[in-house]
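Just so you know, ligand 1 is whichever comes first in the structure, and atom 1 is the first atom listed for that ligand.
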Amino acid sequence: MDTVSTADLYDERGDELQSISTQFQDIGGETGFTGTVRTVKCFQDNALLKSILSTPGDGSVLVIDGGGSLETALVGDIIAGLGVDNGWAGLIVNGAIRDRVAIGVLPLGVKALGSNPAKSTKTGEGESDVEVSFGGVTFRPGATVWADADGILVER
Ligand SMILES: O=C([O-])CC(=O)C(=O)O
């Protein structure tokens with residue numbers, strides 16, 4: 001999918017879109033990215049999202065609701081690299097990442113709240129392909145999401 005400016009898109013289709021208020025950091029090598037929403041909900045545990053990013057993404061964006069925790073990193077450069085290798089367009093992390101410098105040169109969109117070198121547990125606890133809500137918006141699996149330096153828009 002082509003990347004469009006979120007501001008232009010909002011002017012055209014704002015009534016159909018939700019705009020997230022959270023000020024995410026742009027960490028990935030791609031700032032602008034778009035795709036179909038897939039989701040995972042997990043708390044300080046990243047085994048489930050790692051297994052999802054190990055499967056074909058077909059240009060989707062994985063929205064990871066880590067409950068806003070900044071205590072542990074849900075994604076590092078190895079997991080982000082799986083996303084690149086398997087054709088994911090980007091990651092939106094309501095939580096922290098690590099390996100910020102290495103992720104910054106990957107051809108992947110990665111927006112996250114921040115970074116922390118502490119690793120997450122790996123039990124596999126969590127849920128996938130469920131609606132997740134943060135920053136005043138709801139991400140529905142199958143909706144289209146657009147991200148760029150201005151923010152994130154997702155279909156209602
Ligand atoms: O293994 C982890 O928890 C995350 C990580 O460091 C990586 O993806 O490189």
Side-chain angles (χ1 to χ4, degrees), residues 1-3 6 18 20-154:
M1 272 186 247
D2 290 336
T3 300
T6 56
Q18 307 170 82
I20 195 159
S21 58
T22 306
Q23 300 299 300
F24 281 93
Q25 297 181 12
D26 282 309
I27 292 166
E30 302 286 352
T31 302
F33 57 99
T34 185
T36 302
V37 170
R38 300 272 309 273
T39 68
V40 55
K41 191 169 183 158
C42 53
F43 189 73
Q44 298 178 4
D45 193 285
N46 60 4
L48 180 59
L49 72 91
K50 184 177 183 181
S51 70
I52 293 169
L53 290 171
S54 302
T55 65
D58 299 320
S60 297
V61 172
L62 188 63
V63 177
I64 300 165
D65 185 2
S69 171
L70 298 172
E71 305 294 312
T72 68
L74 289 173
V75 174
D77 61 336
I78 293 172
I79 292 177
L82 287 172
V84 174
D85 293 346
N86 291 303
W88 293 79
L91 312 176
I92 295 172
V93 187
N94 185 33
I97 59 89
R98 65 180 183 179
D99 307 320
R100 182 190 283 269
V101 173
I103 290 174
V105 296
L106 292 178
L108 182 73
V110 179
K111 281 184 177 273
L113 297 179
S115 54
N116 190 326
K119 70 177 172 194
S120 290
T121 55
K122 281 121 185 48
T123 67
E125 212 169 292
E127 291 176 278
S128 57
D129 296 316
V130 292
E131 281 192 0
V132 298
S133 299
F134 50 85
V137 314
T138 297
F139 292 90
R140 192 170 40 78
T144 301
V145 62
W146 295 263
D148 66 9
D150 281 342
I152 300 170
L153 297 173
V154 62

Applying side-chain contact (heavy atoms from CB on, under 4.5 Å) to Phe134 and not counting sequence neighbours gives Ile20, Phe24, Val63, Asp65, Ile92, Asn94, Val132, Phe139
Could you give me the CA-CA distance, side-chain angles and deciding distance for Asp45 and Lys122, then say whether salt bridge (charged side-chain N to carboxylate O under 4.0 Å, His left out) is met? CA-CA 5 Å; Asp45 193 285; Lys122 281 121 185 48; over 6 Å; no
Residue set satisfying salt bridge (Lys or Arg N to Asp or Glu O under 4.0 Å) with Asp150, at least two apart, ordered chain then number -> none
Do Gln25 and Leu113 come within less than 4.5 Å of each other through their side chains, counting heavy atoms only? no
Using heavy atoms and a strict 4.0 Å limit, residues surrounding ligand 1 turn out to be Asn46, Gly76, Asp77, Ile78, Ile79, Arg98, Asp99, Lys122
| message | Applying side chain to side chain contact (heavy atoms under 4.5 Å, CB included) to Asp129 and Arg38, what does each step give before you reach the verdict? | response | CA-CA 6 Å; Asp129 296 316; Arg38 300 272 309 273; 3.3 Å; yes
Side-chain donor-acceptor pairs under 3.5 Å in residues 69-81, sequence neighbours left out?
{"unit_1": "Ser69", "atom_1": "OG", "unit_2": "Gln44", "atom_2": "NE2", "d": "2.8"}
{"unit_1": "Ser69", "atom_1": "OG", "unit_2": "Glu71", "atom_2": "N", "d": "3.2"}
{"unit_1": "Thr72", "atom_1": "OG1", "unit_2": "Ser120", "atom_2": "OG", "d": "2.9"}

